Amino acid sequence: MPTPTESAGGFFTLYRMVPRWATTQWLLEHASTFQCSQRSDGAELRDILIVDDALWCLWDLHGQAVVGWISLDLQDDSPSGVWNEVTLPEEPDYSPEYFDELLQRNGSLTEAFMSCILRPGMFSRNTLTIAVKQYCESLASVPGQHNKVLTTSYPTLSEKIAAVVGSTVDLMVDPRTGEQLWDQYWSTLKRDWEGFVARCKEIERSARWPVSLGVGESGRIVVLERERLGVVAVDDSPLQLYKVITSQATPQSTPTSAQTVLETAWTLYSNIKSSERQGIESQLVEVTRESVVFSYHDIGVDLSTRLLQPQLTQHLQNWVLERVRSAGNAAQGMYDALRLVLDLEKDIKPEAMDEDAAGLNGRAIPKSERWADEFWPKAFTTSYVSATVHARYELYENELMDDEDRDALSAVLPLQDRHLVVYYQHVVALFQERSLDGHVITFAKLAIGAHPVPEMTAELWDTVFKAYLTLGLYEEAYMTMVSVPHTDLQQNLIRELVNTMCDKGEMDRLTRLNFVGYQVEVERHLAFKARNADPLAWPNYAKVLYAWYVFRGDYRNAGQAMFRQARRLQEVPCHPDDYIDIATGQAQCYLAAINCLSLVDPKNAWVAMPASSQALTRKRAITSSVIPEEVFTDGGGEVEIVEIADMRQEYMLVLSRLALAQRYPQHDVAHFVIGPADIVSRYVQEGAFDDAIASARSLRVSMVPLFENLVVRTDDVAPWLMTDRVQAWGGTLAQRAWRYLQDTLERNDSAETDYEYRKVVLKKIMEEDRTVRLPTWLVQFFEENQPEHLIRTCYRYDLIEDALRYSIHLVKETQKKARSLSRATREPLKTAFATWLPYMVFDQVLVVAAQEGAKKVKLKGLAEELKKELTTWMAYAKMITAEIRTSST
């Protein structure tokens with residue numbers, strides 16, 4: 001019950017189920033009541049769990065998990081014993097004082113803070129990611145120009161933190177003295193790091209909010225927090241031993257002799273100064289690294305006499321002697337102490353303690369198992385390797401070994417050959433059988449170093465290289481490849497390294513390797529893979545080659561790699577369901593190629609590719625009439641020069657195909673080769689004229705079929721008339737359709753196209769119905785820009801009356817222009833251009849009008865009016881000509 005008392009946060013009430021007399025029902029009966037753990041004072045209970053007659057509780061103490069357990073005696077219906085507390089690992093308090101003390105020991109401020117932040121178990125990766133994101137957002141919210149580190153991508157989270165935090169702190173200079181203010185700089189940088197650490201602590205505090213308890217493997221209690229998962233671990237032997245010697249606890253399983261020895265050692269350790277203790281430890285380390293001539297007992301006595309005893313008082317020395325004597329068997333006590341320190345699961349046996357076991361490296365091997373096949377390869381071989389790796393090969397026949405040991409070694413050692421290289425190779429083979437690649441590397445290197453003929457070490461180099469690849473140590477594998485003295489093997493290792501790193505997805509690490517002197521071989525291999533491997537398979541060697549070139553600043557070859565990949569994707573047969581994904585990848589390749597060539601000097605912004613069938617056809621169409629055909633049949637293959645403009649056109653073609661496949665899947669774009677004109681035609685068939693016009697403009701396709709279809713469908717109720725822009729014009733559907741046609745012509749028809757599309761529209765209208773009245777805006781345009789074409793079209797379709805009207809209008813307009821020219825501006829060239837008339841067309845129209853004039857009075861009157869206007873114009877033209885001649889003389 002959550003009823004806080006002076007010493008606990010509540011109490012538990014235990015009930016038992018008892019049967020009701022003479023019935024099948026059960027009743028709850030109060031059994032006992034006991035207080036909660038003392039640590040629960042001020043905490044909130046989150047969860048309880050009963051496992052193996054023990055009550056486990058989880059409390060929330062101000063955002064920190066508190067776990068405790070107590071044994072329940074279900075026979076007496078009461079708890080047995082007291083509350084046991086589960087302690088969390090100690091964590092340092094990241095306060096300003098802590099960092100001040102830390103910086104005194106570590107001079108690098110950034111390294112000190114990074115070591116604290118990246119300390120295992122301190123902050124989760126999610127916490128650090130959120131913290132650095134919030135930090136960057138706070139910097140980006142400040143007005144003004146921001147540091148480029150905020151937008152730079154980093155390969156690891158730690159590199160990003162180290163680069164971003166403190167990036168806004170600048171070294172200031174005193175304006176009066178010019179002195180650099182280093183003290184102010186370090187103080188500001190330290191505060192910035194402390195603020196980031198405080199941000200991490202705040203985020204981590206919410207991540208450690210306790211949630212519930214659970215039971216994991218082997219019945220271990222699991223503590224679930226909001227973003228963490230913890231397991232209650234039982235103290236192992238070394239930890240129990242530490243508690244023993246520090247008086248934290250006294251396990252009953254600890255031997256008395258071992259406890260005495262360890263307590264004595266701890267007392268000695270505590271009474272020696274830190275500097276002197278480090279000197280003694282250094283001497284011990286140096287002794288173990290040097291070749292030993294005397295026994296370790298004599299060496300230990302010497303070190304104790306010279307280094308240890310001068311640091312101890314006489315009283316402390318006497319106390320140590322008494323403690324050792326009270327331990328009884330000192331050798332047994334030392335043995336038990338080492339056993340606890342090392343936490344060994346097998347017996348430690350001095351040779352003099354057991355006459356029935358063969359001692360080897362401190363391991364006891366029972367006779368019954370001595371010749372067991374499963375025991376020797378694992379235990380015995382590993383023991384002799386670890387003990388004799390740096391020994392001489394002659395040790396195998398040393399007189400210290402008896403016949404029994406020699407027979408045992410002969411089962412695993414090639415004693416028939418006395419060469420050291422054979423020994424190392426044999427050890428390598430043993431470790432290879434068990435896939436212990438780290439040890440394979442060690443002994444293979446020893447074999448290489450001991451080999452008398454370096455030219456015969458190719459197999460050993462290959463073994464080392466492959467072991468590094470298996471372990472994922474690609475940088476070490478690269479260094480091994482560089483060190484190989486065999487050129488042929490080097491080339492094979494380069495290809496194997498590239499293939500392995502690509503297969504494992506380590507493209508970034510591959511591009512960062514220098515390959516000094518071997519770049520050509522790497523590029524040649526990657527290019528071969530990119531040309532011949534499946535463009536849809538993993539790994540994508542084209543992208544690897546692209547990343548390789550981009551990392552080295554070779555944008556032209558990078559663009560060529562992506563363009564080649566785009567061309568290969570275009571040739572891949574695919575199911576309609578997969579076409580969109582493939583086309584998207586193809587468009588991305590084109591875009592990457594365009595971006596790369598955009599970074600190159602425009603003079604060099606091109607790539608050479610094997611000529612495609614379309615390019616080869618174009619080339620032969622141009623050159624076959626001049627150069628004989630046999631020139632193209634002999635020699636090397638055809639080469640196509642592709643520029644950025646060509647890439648952009650292919651890119652737009654892919655985008656158009658992709659858009660068509662997404663909007664109209666019924667067209668089955670995947671199974672047919674659809675060219676630019678076909679794409680525009682498909683859009684026209686669906687009535688999507690806006691998309692058709694946009695595609696034709698981007699693909700540089702003629703819009704003649706589009707406008708012909710648009711004229712025919714001016715009366716249809718089509719989707720292109722239902723858009724918001726068209727509906728806003730008002731009027732009937734026919735009026736909106738004609739206005740759409742006018743607007744489209746104004747946008748896409750100009751003098752650059754020689755008004756081709758308006759001419760097509762005029763022709764199509766005449767073909768559909770020559771009696772229909774032409775739109776006013778169309779007639780007005782031709783009268784102002786192409787009057788001769790308007791007259792010829794009417795003449796061609798026997799619209800003589802309209803041809804006469806347009807001819808009369810043209811002559812009158814010409815007279816107006818001529819009269820508007822002042823005498824001073826009447827230059828021969830300008831005057832001739834402004835007063836030119838299609839007299840031949842007029843003659844043709846007048847001839848037909850004269851033939852039909854007898855039947856139609858109106859035609860006769862129009863013909864007479866045209867003749868009259870021409871007569872008046874000719875007289876005026878003679879006058880202008882005379883004036884120009886007079887002024888020129």
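Just so you know, these numbers use all the heavy atoms, side chains as well, and skip hydrogens, waters and symmetry mates. Everything numeric in this text was worked out from a predicted model, so none of it was measured.
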State, with a plain yes or no, whether a side-chain heavy atom of [X] is found less than 4.5 Å away from one of [Y].
{"X": "Val149", "Y": "Tyr154", "answer": "yes"}
{"X": "Arg208", "Y": "Arg228", "answer": "yes"}
{"X": "Leu308", "Y": "Ile272", "answer": "yes"}
{"X": "Trp56", "Y": "Val86", "answer": "yes"}
{"X": "Val222", "Y": "Val215", "answer": "no"}
{"X": "Glu476", "Y": "Ile441", "answer": "no"}
{"X": "Thr500", "Y": "Tyr474", "answer": "yes"}
{"X": "Leu150", "Y": "Val164", "answer": "yes"}

Stepwise side-chain contact (heavy atoms from CB on, under 4.5 Å) test for Trp193 and Thr110 = CA-CA 8 Å; Trp193 274 102; Thr110 302; 3.8 Å; yes

Shortest non-hydrogen contact from [X] toward [Y]:
{"X": "Met507", "Y": "Pro539", "value": "CE-CB, 3.8 Å"}
{"X": "Asn271", "Y": "Thr267", "value": "ND2-O, 2.6 Å"}
{"X": "Cys57", "Y": "Phe12", "value": "SG-CZ, 3.4 Å"}
{"X": "Ala43", "Y": "Trp59", "value": "CB-CB, 3.8 Å"}
{"X": "Glu496", "Y": "Leu469", "value": "CG-CD1, 4.0 Å"}
{"X": "Pro92", "Y": "Met122", "value": "O-CE, 3.9 Å"}

Would the number of heavy atoms belonging to other residues, nucleotides or ligands and lying under 6.0 Å from CG of Asp503 be above 12?
->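 Yes, because the 6.0 Å sphere around CG of Asp503 holds more than 12 heavy atoms from other groups.
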
Lys190 atom NZ, over 12 foreign heavy atoms within 6.0 Å | yes

What distance separates [X] [atom1] from [Y] [atom2], expressed to the nearest 0.5 Å?
{"X": "Leu497", "Y": "Leu510", "atom1": "CG", "atom2": "CG", "value": "7.0 Å"}
{"X": "Gln134", "Y": "Leu139", "atom1": "CD", "atom2": "CG", "value": "12.0 Å"}
{"X": "Ser40", "Y": "Glu85", "atom1": "OG", "atom2": "CD", "value": "9.5 Å"}
{"X": "Asp52", "Y": "Leu72", "atom1": "CG", "atom2": "CG", "value": "11.5 Å"}
{"X": "Leu189", "Y": "Phe113", "atom1": "CG", "atom2": "CZ", "value": "8.0 Å"}
{"X": "Glu159", "Y": "Ser153", "atom1": "CD", "atom2": "OG", "value": "10.5 Å"}

Ionic contact status for Arg205 with Glu202, cut-off 4.0 Å |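 Yes, this pair counts.
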
Take Thr442 and Phe431 through the side-chain contact (heavy atoms from CB on, under 4.5 Å) test and state the conclusion after the steps.
-> CA-CA 10 Å; Thr442 301; Phe431 283 121; over 6 Å; no

Relative to the ring of Tyr424, is the ring of Phe443 parallel (under 30°), tilted (30 to 60°) or perpendicular (over 60°)?
-> tilted

Do the rings of Tyr94 and Phe99 sit parallel, tilted or perpendicular, given the 30° and 60° boundaries?
->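 The rings of Tyr94 and Phe99 sit tilted, inter-plane angle from 30° to 60°.
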
Would you say the side-chain atoms of Ser115 and Arg119 include a donor-acceptor pair closer than 3.5 Å?
-> no

From the list Asp60, Val66, Leu213, side chain to side chain contact (heavy atoms under 4.5 Å, CB included) partner of Arg46 resolves to Asp60

Test item: [X] side-chain N/O and [Y] main-chain N/O as donor-acceptor pair under 3.5 Å:
{"X": "Tyr478", "Y": "Leu513", "result": "no"}
{"X": "Asp192", "Y": "Gly166", "result": "yes"}
{"X": "Trp538", "Y": "Gly505", "result": "no"}

Test side-chain contact (heavy atoms from CB on, under 4.5 Å) on Tyr468 and Glu475 and set out the steps.
-> CA-CA 9 Å; Tyr468 275 130; Glu475 288 76 10; over 6 Å; no

Step by step, work out the side-chain contact (heavy atoms from CB on, under 4.5 Å) result for Cys116 and Val197.
-> CA-CA 9 Å; Cys116 294; Val197 173; over 6 Å; no

